[in-house]
Undergrad: 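Below are the structure tokens for one structure; questions will follow.
The model shown is predicted, which means the values in this text are computed figures rather than measured ones. Ligands are counted one by one from 1 in listed order, and the atoms in each one are counted from 1 as well.
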Amino acid sequence: MEQKRTDVNTLGEFGLIEHLTEQFPIRHISTIKSIGDDAAVINYKNKATVVSTDILTEGIHFDLMYTPLKHLGYKSVVVNLSDIYAMNAIPKQITVSLAISNRFSVEALEELYSGIRAACDYYNIDLIGGDTTSSNKGLFMSITAIGEGEVNKLAYRNGAKVGDILCVTGDLGAAYLGLQILEREKQIYLSNPGVQPDLGKNDYIIHRQLKPEARKDMIEKFFPEAQLIPTSMIDISDGLASELFHICKQSKVGALLEESGIPIRSDVQKQAIDFKLDPATCALSGGEDYELLFTINPNDLDKVKFMPDIYICGEIKEASEGIQLRTKGGNLHPLKAQGWVHFGDNG
Ligand code: ADP
Ligand code: MG
């Protein structure tokens, strides 16, 4: 089927922006002025304003060979919202800036914005501005997320104390394995374009790579319901090990991580083994899970015990004890920021 292809120049820059952004409603009273003026205006009154930005570069952060543009739009928003949630704050607005080559048609950008819109709908976000320009080659996106937090409830990376309990949400390792499957099928396709991709029965694993979600539920529902304020928190974008290093470094503490406490689904474990990878290493070094790693005061243990989808995976120690992993076999290994490899240990 021939796809319609409208050159962006037929709309002009302003026409294009108007066309792409017309179906975005404004939902928040904190959004005082949205798209259309020289700058947007927001007002959180007595709350703290929390801001985070990411740049995404084609060929570095995403591959359009296996990433549908709608998914790219959705994921680009979600990864930014995840940073705001990781501060124990609630995202409310985003800006979206694009540099596009002439390879991208109006229809392609509509797809991208349909993903951005789906994320704004699901996460209750206002699109309040951005910038649009051209690039010689490839697609560049920069998204800024803005949210509100209560000054005394924000969770920083530097708040972990000796004796605090380490917790993680959801399950880890799947997004990395999803990427491995998509990369494998891409290589097969490149060497033989007639072959259809074999994604197997890996819907969950591929979904975790292409359509990740941020933990809105924890920050907007479960934590406030339980009156839980983590002592420190970070979202898992680069792998559990690297995030734990960030918390320990900034909090000037050490940690003991229990391999048995790292949540990994059984289908994810099986997929790791099929790739001859250690499942724990996928969780520790894989990344892009967008779950939350946080610490709590031990007095708050009862608050998380019955919270859904929370896993206790270790304890904060003195800095002098370093950052250690206790394997399922009971051995202690110093954890490496890039993760950790089994050394002849059957754990
Ligand atoms: P300026 O020339 O002042 O930078 P622009 O013409 O770039 O203004 O943008 C006009 C309006 O459209 C602004 O409100 C801007 O925030 C918004 N905007 C521009 N590009 C995008 C985009 N890609 N997505 C959403 N809003 C955009
Ligand atoms: Mg501009």
Undergrad: Any N or O on Val96 sitting closer than 3.5 Å to an N or O of ligand 1?
TA: yes
Undergrad: If we set the cut-off at 4.0 Å for heavy atoms, which region of Ile17 has an atom near ligand 1: side chain, backbone, both, or neither?
TA: side chain
Undergrad: Between Thr21 and ligand 1, does any nitrogen or oxygen pair lie at a separation below 3.5 Å?
TA: no
Undergrad: Could you check, using the six-membered ring where one of them is a Trp, whether Phe275 and Tyr176 have ring centers closer than 6.0 angstrom?
TA: no
Undergrad: Decide, yes or no, whether a salt bridge links Glu315 with Arg326 under the criterion of side-chain N to carboxylate O below 4.0 Å.
TA: no
Undergrad: Please work out whether the ring planes of Phe24 and Tyr113 are parallel, tilted or perpendicular, with thresholds of 30° and 60°.
TA: perpendicular
Undergrad: For Ile35, is at least one N or O under 3.5 Å away from an N or O on ligand 1?
TA: no
Undergrad: Counting only nitrogen or oxygen atoms and a 3.5 angstrom limit, does Gly36 reach ligand 1?
TA: yes
Undergrad: Determine, for Lys303 against Asp300, whether the closest basic-nitrogen to carboxylate-oxygen distance falls under 4.0 angstrom.
TA: yes
Undergrad: Could you list the atoms of ligand 1 found under 4.0 angstrom from a heavy atom of Phe14?
TA: 6 (O)
Undergrad: Going by the order shown, which atoms of ligand 1 are within less than 4.0 Å of some heavy atom of Asp131?
TA: 7 (O), 19 (C), 20 (N), 21 (C), 23 (N)
Undergrad: Does ligand 1 come near enough to Asp37 that some N or O of the ligand is less than 3.5 Å from an N or O of the residue?
TA: yes
Undergrad: Salt bridge check: are Glu148 and Lys45 linked by an N-O gap of less than 4.0 Å?
TA: no
Undergrad: Which ligand 1 atoms does Gly129 reach within 4.0 Å, using its non-hydrogen atoms?
TA: 16 (O), 25 (C), 26 (N), 27 (C)
Undergrad: Kindly indicate, with the supporting measurements, whether the criterion side-chain hydrogen bond (donor to acceptor under 3.5 Å, both in side chains) is fulfilled by Gln93 and Ser30.
TA: CA-CA 9 Å; Gln93 289 92 6; Ser30 53; 3.1 Å; yes
Undergrad: Look at the side chain of Asp278 and the backbone N and O of Thr281, then say whether any donor-acceptor pair between them is shorter than 3.5 Å.
TA: yes
Undergrad: What part of Phe24 sits under 4.0 Å from ligand 1 if we count only heavy atoms: the side chain, the backbone, both or neither?
TA: neither
Undergrad: State whether a side-chain donor-acceptor pair under 3.5 Å links Thr169 with Glu291.
TA: yes
Undergrad: State whether the shortest distance between N or O atoms of Tyr113 and N or O atoms of ligand 1 falls below 3.5 angstrom.
TA: yes
